[in-house]
Undergrad: 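Before I ask anything, let me first share the structure, which is written out below as structure tokens.
Given the structure is predicted, the values throughout are model-derived calculations rather than measurements. One-based numbering along the sequence shown.
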Amino acid sequence: MVGRIQAEIKHLFIIIFLLCLVGGCVPQPNTTDFFYYKTDSIKAGDIILRKSYGMISDIIVKQLNDSTNNSHCGIIS
């Protein structure tokens, strides 16, 4: 029984490793795909929301199931 559980855990780690490997091989978008904003109006205490590119960000957006599709946030200090 213990050997079977250890084998299943080993297989799980292999699957996670392969998913991370495949997710890291996804080509990143060109810098021309990014939007640039003027930062003149940003001040301390503002909250910045954005969606990043990558497998983890896609999972976050899917799990949140929100219409804004944000996966990251930050507070300007």
Undergrad: List the residues meeting side-chain hydrogen bond (donor to acceptor under 3.5 Å, both in side chains) with Asn69, not counting sequence neighbours, and say none if there are none.
TA: none
Undergrad: Could you check Ile56, Ile59, Leu49, Ile60 and say which one makes a side-chain contact (heavy atoms from CB on, under 4.5 Å) with Ser71?
TA: Ile60
Undergrad: Which pairs pass salt bridge (Lys or Arg N to Asp or Glu O under 4.0 Å) with one or both residues in residues 5-18, sequence neighbours excluded?
TA: Arg4-Glu8
Undergrad: Suppose we screen for side-chain hydrogen bond (donor to acceptor under 3.5 Å, both in side chains). Which residues come up paired with Ser67, at least two apart in sequence or across chains?
TA: none
Undergrad: Mind checking who shares a hydrophobic cluster with Ile42, ILVMFWY linked at side-chain heavy-atom distances under 4.5 Å?
TA: Ile48, Ile76
Undergrad: Restricting to side-chain contact (heavy atoms from CB on, under 4.5 Å), what partner residues turn up for Ile75, sequence neighbours left out?
TA: Ile47
Undergrad: Enumerate the residue pairs fulfilling salt bridge (Lys or Arg N to Asp or Glu O under 4.0 Å) with a member in residues 68-77, sequence neighbours excluded, ordered by first and then second residue.
TA: none
Undergrad: Any salt bridge (Lys or Arg N to Asp or Glu O under 4.0 Å) involving residues 68-77? Give me the pairs, sequence neighbours left out, ordered by first then second residue.
TA: none
Undergrad: If you compare all heavy atoms of Ser41 against all heavy atoms of Asp46, which two are closest, and at what distance to 0.1 Å?
TA: O-OD2, 3.8 Å
Undergrad: So which pairs with a foot in residues 56-65 pass salt bridge (Lys or Arg N to Asp or Glu O under 4.0 Å), sequence neighbours left out?
TA: Lys51-Asp58
